[in-house]
Participant: 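Okay, here's the structure, questions in a sec.
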Protein chains: 2
Amino acid sequence: MKKTIVVFGLFILALLSLFQLSKYSVVSGDMKIENAIAIVAIIFFFIGVYIHKKSFSKIEKEPEDIDITKIKDLDITKREYEVLKFISEGLSNKEIGDKLFVSESTVKTHVSNILVKLNAKRRTQAVKIAKQYQII
Amino acid sequence: MKKTIVVFGLFILALLSLFQLSKYSVVSGDMKIENAIAIVAIIFFFIGVYIHKKSFSKIEKEPEDIDITKIKDLDITKREYEVLKFISEGLSNKEIGDKLFVSESTVKTHVSNILVKLNAKRRTQAVKIAKQYQII
DNA sequence: ATGCTTTTGGTACTTTAGTATGACCTGTTT
DNA sequence: AAACAGGTCATACTAAAGTACCAAAAGCAT
């Protein structure tokens, strides 16, 4: 946000500089008016592209971040959430257990709790629901 | 693609028109040179924004639409693809069979083939890989 | 027509996944 | 201290999922 303001400020300065430059050039007669306008046109074309790119990259990132509020609303604990992430990665209960240094039994417990909390019948359905909630 | 070319053509025409207009205005002396440049700057700023928006909306939509070429490269058949979609919806083999009016055995056959073709060990992993390939 | 691929479906089997229940330990709250 | 929540793990069970192998019907291309 601050960055955008700074960039805008610089653009305004550039605009003023161009005005001065073009005025001088016309007065001194060593540059044609068409060239001055063309340069301004090109510069502001790219300024437009740049500004839009900046503002758009923010909009793009919005759908990517996770809904932490929703996770809490569903009473999903930290450990359960870790397991959920691994499920979405396609790991088996055994593999998840190895990654978290716990037994397969423990993972099964977590998975069962996740299924109840997400109201899912299967782990595949849990992944789908979790993605709809944007929690993964 | 064609649309972009047409839009570009119109912009070039606009550019030429502006040149004529500004030249006339300066000669006739009823418009200051600063104003002319300012107008050009503003117009091309918005042109830049518009062009970037157009090109970006295409980039945005690309991740959304499916890579049909990849599906064919993986030798995934129509039926297998249907099953794959239902897997990603979180359905069980039985439920998929009911939806496609085939037996659970048939679905199992398809699922096994999908796993081999996607090089996955589990249906959850198949979903993850399929999403990476952008085929679902 | 005759290969070819796809789709279908079965049997028999092994492996995961998931449920139910109970237990123990550890911080945190009351 | 007692209650509570979170995490751990086990046993025993049922239910899906997945593999292997086979076989037949249907669709299609040469």
Side-chain angles (χ1 to χ4, degrees), chain A residues 66-133 135-136, chain B residues 66-133 135-136:
Chain A
I66 45 180
D67 191 348
I68 300 159
T69 312
K70 190 71 191 174
I71 298 171
K72 286 174 184 169
D73 284 353
L74 294 166
D75 284 306
I76 293 172
T77 65
K78 285 183 294 293
R79 207 55 161 170
E80 283 164 1
Y81 185 71
E82 289 182 274
V83 172
L84 178 58
K85 289 283 281 183
F86 283 128
I87 290 172
S88 73
E89 296 288 325
L91 301 189
S92 68
N93 292 336
K94 180 79 188 65
E95 287 169 341
I96 295 168
D98 290 344
K99 288 230 177 193
L100 296 177
F101 303 105
V102 294
S103 74
E104 194 190 337
S105 298
T106 306
V107 178
K108 282 190 178 186
T109 306
H110 289 317
V111 172
S112 280
N113 290 334
I114 291 166
L115 295 183
V116 171
K117 288 172 181 180
L118 287 177
N119 196 30
K121 289 174 188 166
R122 282 162 293 279
R123 47 170 58 212
T124 45
Q125 198 181 357
V127 172
K128 179 204 152 207
I129 293 167
K131 273 175 182 156
Q132 285 179 336
Y133 284 155
I135 62 176
I136 55 170
Chain B
I66 44 181
D67 190 349
I68 300 159
T69 312
K70 191 71 193 175
I71 298 172
K72 284 174 184 166
D73 285 353
L74 293 166
D75 285 307
I76 292 172
T77 66
K78 285 183 294 292
R79 207 55 163 171
E80 285 163 0
Y81 186 71
E82 289 182 274
V83 173
L84 179 59
K85 290 283 280 182
F86 283 128
I87 291 172
S88 72
E89 296 289 325
L91 300 190
S92 69
N93 292 335
K94 180 78 188 65
E95 287 168 342
I96 295 169
D98 290 344
K99 286 228 176 190
L100 297 176
F101 302 106
V102 293
S103 74
E104 194 189 337
S105 298
T106 305
V107 177
K108 282 190 176 187
T109 306
H110 290 317
V111 172
S112 279
N113 290 334
I114 291 166
L115 295 183
V116 171
K117 288 173 182 179
L118 286 179
N119 196 29
K121 288 174 188 167
R122 282 163 292 280
R123 49 170 57 211
T124 44
Q125 198 181 359
V127 171
K128 179 204 153 204
I129 293 167
K131 273 175 182 158
Q132 284 178 337
Y133 284 155
I135 60 177
I136 55 172

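Each chain gets a letter, A, B and so on, in the order the sequences are listed, and its residues count up from 1.
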Participant: Is there a side-chain polar atom (N or O) of S112(A) under 4.0 Å from OP1 or OP2 of dT19(C)?
Facilitator: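 Yes, S112(A) has a side-chain N/O under 4.0 Å of OP1/OP2 on dT19(C).
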
Participant: Which heavy atom in L118(A) sits nearest to a heavy atom in A126(A), and how many Å separate them?
Facilitator: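 Minimum heavy-atom separation between L118(A) and A126(A): CD1-O, 3.7 Å.
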
Participant: Within a strict 4.5 Å, meaning less than it, do heavy atoms of the V83(B) and R123(B) side chains meet?
Facilitator: no

Participant: Nearest 0.5 angstrom please: R122(A) CZ to I87(B) CD1, how far?
Facilitator: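 Here the interatomic distance stands at 11.5 Å.
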
Participant: Report yes if the side chains of Y133(B) and D67(B) come closer than 4.5 Å at any heavy-atom pair, otherwise no.
Facilitator: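 Not in contact.
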
Participant: Once you round to the nearest 0.5 Å, how far does CD of E95(B) lie from CG of N93(B)?
Facilitator: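 E95(B) CD to N93(B) CG: 9.5 Å, rounded to 0.5 Å.
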
Participant: Check the distance between dG18(C)'s C1' and E104(A)'s CD and give it to me in whole angstrom.
Facilitator: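 Result: 11 Å.
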
Participant: Phosphate oxygens OP1/OP2 of dG9(C): is one of them under 4.0 Å from a side-chain N or O of T106(B)?
Facilitator: yes

Participant: Got a salt bridge between K85(A) and E82(A), using NZ or NE/NH1/NH2 to carboxylate O under 4.0 Å?
Facilitator: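 Salt bridge absent between K85(A) and E82(A).
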
Participant: From C-beta outward on T77(B), which listed nucleotide comes closest to its side chain: dT8(D), dG9(C), dT7(C)?
Facilitator: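 Side chain of T77(B) sits closest to dT7(C).
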
Participant: Mind calculating the distance between NZ (K108(B)) and P (dA12(C)) to the nearest angstrom?
Facilitator: 13 Å

Participant: Testing the basics here: between I114(B) and E80(B), what is the closest heavy-atom pair and its distance to 0.1 Å?
Facilitator: CD1-O, 3.1 Å

Participant: Can you list, in residue-number order, the parts of residues 78-101 of chain B that come under 4.0 Å of DNA chain D, counting heavy atoms only?
Facilitator: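 Those residues are S92(B), N93(B).
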
Participant: Rounded to the nearest Å, what distance is computed from the CD1 atom of residue I114(B) to the P atom of nucleotide dT7(C)?
Facilitator: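 Value for this atom pair: 10 Å.
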
Participant: Reckon S103(B) touches a base, only the sugar-phosphate, or nothing at all at heavy-atom distances under 4.0 Å?
Facilitator: sugar-phosphate

Participant: Calculate the interatomic distance between N113(A) atom CG and dT21(C) atom P; express it in whole Å.
Facilitator: 14 Å

Participant: Just wondering, are more than 12 heavy atoms of other shown residues or ligands nearer than 6.0 Å to NZ in K131(B)?
Facilitator: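 Yes, the 6.0 Å shell around NZ holds more than 12 heavy atoms from other groups.
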
Participant: When you measure from the side chain of T109(A), which nucleotide among dT19(C), dG18(D), dA10(D) comes out closest?
Facilitator: dA10(D)

Participant: Do any of residues 115-130 of chain A sit with a heavy atom less than 4.0 Å from DNA chain D, and if so which?
Facilitator: R122(A)

Participant: Below the 4.0 Å mark, does dT8(D) have OP1 or OP2 next to a side-chain nitrogen or oxygen of H110(A)?
Facilitator: yes

Participant: Is there a side-chain contact between E89(A) and V127(A) in this structure, where contact means two heavy atoms from C-beta onward sitting under 4.5 Å apart?
Facilitator: no

